[in-house]
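Let me begin by presenting the structure, written as structure tokens, before commenting on it.
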Amino acid sequence: TGATSFEIFCDDAPVKTDAAVSSSNQEGSGFKLGPIARPLPLEAKEVVFTSGLKLVETAAGTTAPIRPPKSKEGHDRLASQRRPINAHQPSLQVLAPVSRRPGLKPNQDNDLTGLQVLGHAPRRQGAGLLRGVTQGVNNTHGQQQRQILRPLNHEQRAASVGKLDFSAALRQNLQAPHSSVTSQRRLESHTSVVAIPTTRKQACSIKSIKEIAEESPQRAESMVREMMCDFHQALIGQAPDGAVFNDVVRGYAVKGEVESAEGLLDYMWHEFYRASNEDVKPPDRRIYTSVMLAWQNSGRKHAPDSCEEILRQMYDRSGKGFTACRPDTLSYTCIFHCWENSKRCDAPSRAESLFREMLRRYEQGDVDLAPDTICFSNLFNVFIKCGQDIAGAERLLWEMVGMYQRGLKSVAPAVRSFNTITSAWSKSTDPEAPVRVQRIMERWHSLKKLNQVEVAPDSYSYALLLKAWANSTRSDAIANLLHNFHWIKVLWAADGEEDACPDLIKYSTVIGALNKAGQVERAVSLLCELIDEYKRQYLRNRNDPDRYKRYKPDARCFQMMLTALLRSGGKQAGSKAESLLRHMWDLCTHFSAYGVRPSQRTYNTVIFCYRNSVEPRSAEQLLRQMEQLAGRRVLDRGPDVYTYRAVAHAYQASRDHQKQQRIRTLQAEARSRFNQQI
């Protein structure tokens with residue numbers, strides 16, 4: 001907002017410092033402090049801030065920009081020449097104006113309006129005094145404001161600086177595109193208060209408390225404790241608020257350091273009772289929930305019990321008048337997650353007991369305890385992972401649906417809510433598991449048609465239905481699998497449900513189940529059906545890969561089918577396997593399905609099929625084809641000793657009148673190429 005000038009004065013001596021304001025070529029990028037190549041006794045008179053260039057005016061009228069040392073020797077030499085700050089040398093306060101947002105009225109009672117403090121370093125005795133004249137700050141009526149910081153004595157210092165809210169500024173996420181580690185360290189150790197313009201392009205090497213807590217919670221805690229000491233000594237007018245403490249506790253919680261998190265909680269209560277005014281706030285539910293998170297991440301066996309004890313403490317505190325400590329849904333959800341990680345056999349009963357208590361308090365009028373979707377998801381996981389009680393989890397699912405139908409929108413069932421239950425049933429060995437999955441899917445589909453739930457089954461939901469029947473050992477499993485697969489295709493074709501599209505995953509599930517049941521012929525026909533559908537979708541939507549890639553067969557699907565043909569041992573296994581081999585070459589050559597390119601393993605499997613069906617001529621023809629393709633580097637590798645051995649065994653079992661001659665030829669080739677007998 002135009003040029004701004006500052007005049008720097010000291011009460012006892014001229015400022016002699018080895019730090020200066022640097023230059024920045026980007027508009028609105030702020031400023032930073034950094035070292036000078038040599039210690040200069042600068043007498044700073046005025047700091048001129050323009051939109052692009054930042055300089056320091058010395059007594060001689062020259063400028064002294066930053067020139068950091070370029071080598072390690074230069075850093076060491078600078079450190080040896082630097083004089084330590086003692087009690088008689090004043091430290092410097094650096095402040096800068098705040099760019100006002102439109103519609104924000106200035107505080108006429110605060111002569112520090114327009115300045116924002118963003119950092120706090122260790123306090124120094126004999127701190128220098130600052131008088132700054134700011135220009136170019138406009139209020140909402142377009143009138144120019146002229147704000148003056150007058151020299152303050154020791155008694156006035158705390159009252160004036162106390163009007164600055166540095167706690168909120170410390171939590172800002174500042175980035176430093178033009179900062180250095182050296183300038184950051186010097187900034188922390190050589191200044192009492194640091195402020196920068198709050199423009200869109202922040203440039204200062206100051207880290208927020210949250211960032212420091214993520215790296216080192218111990219360092220962040222020491223900074224917060226120092227701030228509290230300065231508050232009690234009336235050096236600052238505002239104590240760190242709960243958000244600052246919560247950032248530090250959350251840093252401990254992520255690392256699972258329970259003792260440190262609880263120690264900081266106790267310290268907050270100690271500071272609250274120590275203070276005689278209302279500037280120090282007691283811990284709230286966020287702090288307590290962060291301590292629960294620390295127990296959750298600690299991995300200790302008794303963590304759920306400790307979390308329940310913390311929950312009781314929260315209720316005790318709220319009963320004594322500290323309403324900010326009253327638990328909410330997130331507090332209970334954290335305990336449920338803790339029970340989920342415990343893997344204890346009593347977890348389902350303990351978690352459900354807590355859930356019933358939460359529902360009872362909610363029905364009595366505590367709106368902060370309204371259950372939500374995440375709360376139910378954690379309960380599902382407790383029942384499934386700890387007690388293997390899938391039926392109990394399904395009971396909670398329909399209770400959740402009933403609460404939503406009665407008007408509680410916070411428990412709106414998500415797709416994941418249904419899929420969690422169906423996935424657990426699909427992995428179960430219970431004979432009734434596929435029936436339960438099918439009932440859930442049918443009821444879910446009916447609820448969606450009646451608009452009683454917001455979400456419909458997705459592609460993964462239909463795949464879980466097929467997987468449940470594919471893994472079942474019931475006698476009617478294959479018949480029900482094919483019936484449900486046909487139902488899914490009807491939903492896609494007739495009702496237009498995109499998620500019911502018979503894609504590669506659904507086809508692979510059915511094909512694998514048919515191969516496992518010995519119905520290889522039907523599995524081959526389904527794979528050919530998938531290939532034809534992919535080709536049709538590719539030709540229809542060639543310019544839209546998202547429309548056809550869901551049908552694209554992969555190499556795993558073909559290899560699964562070839563292995564099933566090999567194990568079947570039928571007379572037509574070799575010819576069917578070679579037909580699939582030709583499909584693979586056709587797909588990767590003309591239909592952009594490069595992932596199904598045949599490999600040495602593919603050819604060996606087809607040759608083994610010909611060996612079982614005793615067709616040596618066809619097997620040898622594929623062997624020669626492998627040699628040619630490997631010579632042109634189209635195939636990854638050529639035939640190996642197992643390939644020659646399979647062809648020789650096919651000749652040995654056949655009635656070919658030239659089989660002895662062909663066997664001797666194959667043996668000679670294998671001996672010359674691999675130096676092995678076949």
> With no hydrogens and no angle check, is any side-chain donor or acceptor of Ser353 less than 3.5 Å from a backbone partner on Ser349?
Replying inline: no
> Would Arg317 count as a cation-pi partner of Trp269, with NZ or CZ less than 6.0 Å from the six-membered ring centre and within 45° of the ring normal?
Replying inline: yes
Considering only distance and modelled atom types, tabulate donor-acceptor pairs under 3.5 Å from the side chains of residues 260-268, sequence neighbours left out.
residue, atom, partner, partner atom, Å
Glu262, OE2, Trp295, NE1, 2.9
Tyr267, OH, Glu271, OE2, 3.4

> Would you say the ring centroid of Tyr507 lies under 6.0 angstrom from that of Tyr551?
Replying inline: no
> When you check the gap from the basic side-chain N to the acidic O, do Glu309 and Arg312 get nearer than 4.0 Å?
Replying inline: yes
> Going by an N to O cut-off under 4.0 Å, is there a salt bridge joining Lys549 and Asp546?
Replying inline: yes
>> Less than 4.0 angstrom from a charged side-chain N to a carboxylate O is my criterion; do Asp430 and Arg436 meet it?
In response: no
>> Would you say that more than 12 heavy atoms from the other residues, nucleotides or ligands in this model lie under 6.0 Å from the CZ of Arg300, or not?
In response: yes
> Hey, does the side chain of Asn480 reach the backbone of His483 with a donor-acceptor pair shorter than 3.5 angstrom?
Replying inline: no
>> Less than 6.0 angstrom from the centroid, inside 45 degrees of the normal: does Arg361 satisfy that with respect to the ring of Tyr315?
In response: yes
> For Ala370, does its backbone N or O pair with a side-chain atom of Thr329 as donor and acceptor, under 3.5 Å?
Replying inline: yes
>> Assess whether a salt bridge exists between Arg474 and Asp476, defined as any Lys/Arg side-chain N lying under 4.0 Å from an Asp/Glu carboxylate O.
In response: yes
Which atom pairs, donor and acceptor, lie under 3.5 Å between side-chain atoms of residues 385-392 and protein residues at least two apart or in another chain?
residue, atom, partner, partner atom, Å
Lys385, NZ, Glu340, OE2, 3.0
Gln388, NE2, Ile384, O, 3.2
Asp389, OD1, Gly392, N, 3.0

> Does NZ or CZ of Lys506 come closer than 6.0 Å to the centre of the six-membered ring of Phe485, within 45° of the ring's axis?
Replying inline: no
> Below 6.0 angstrom between ring centroids: does that apply to Phe322 and Phe272?
Replying inline: yes
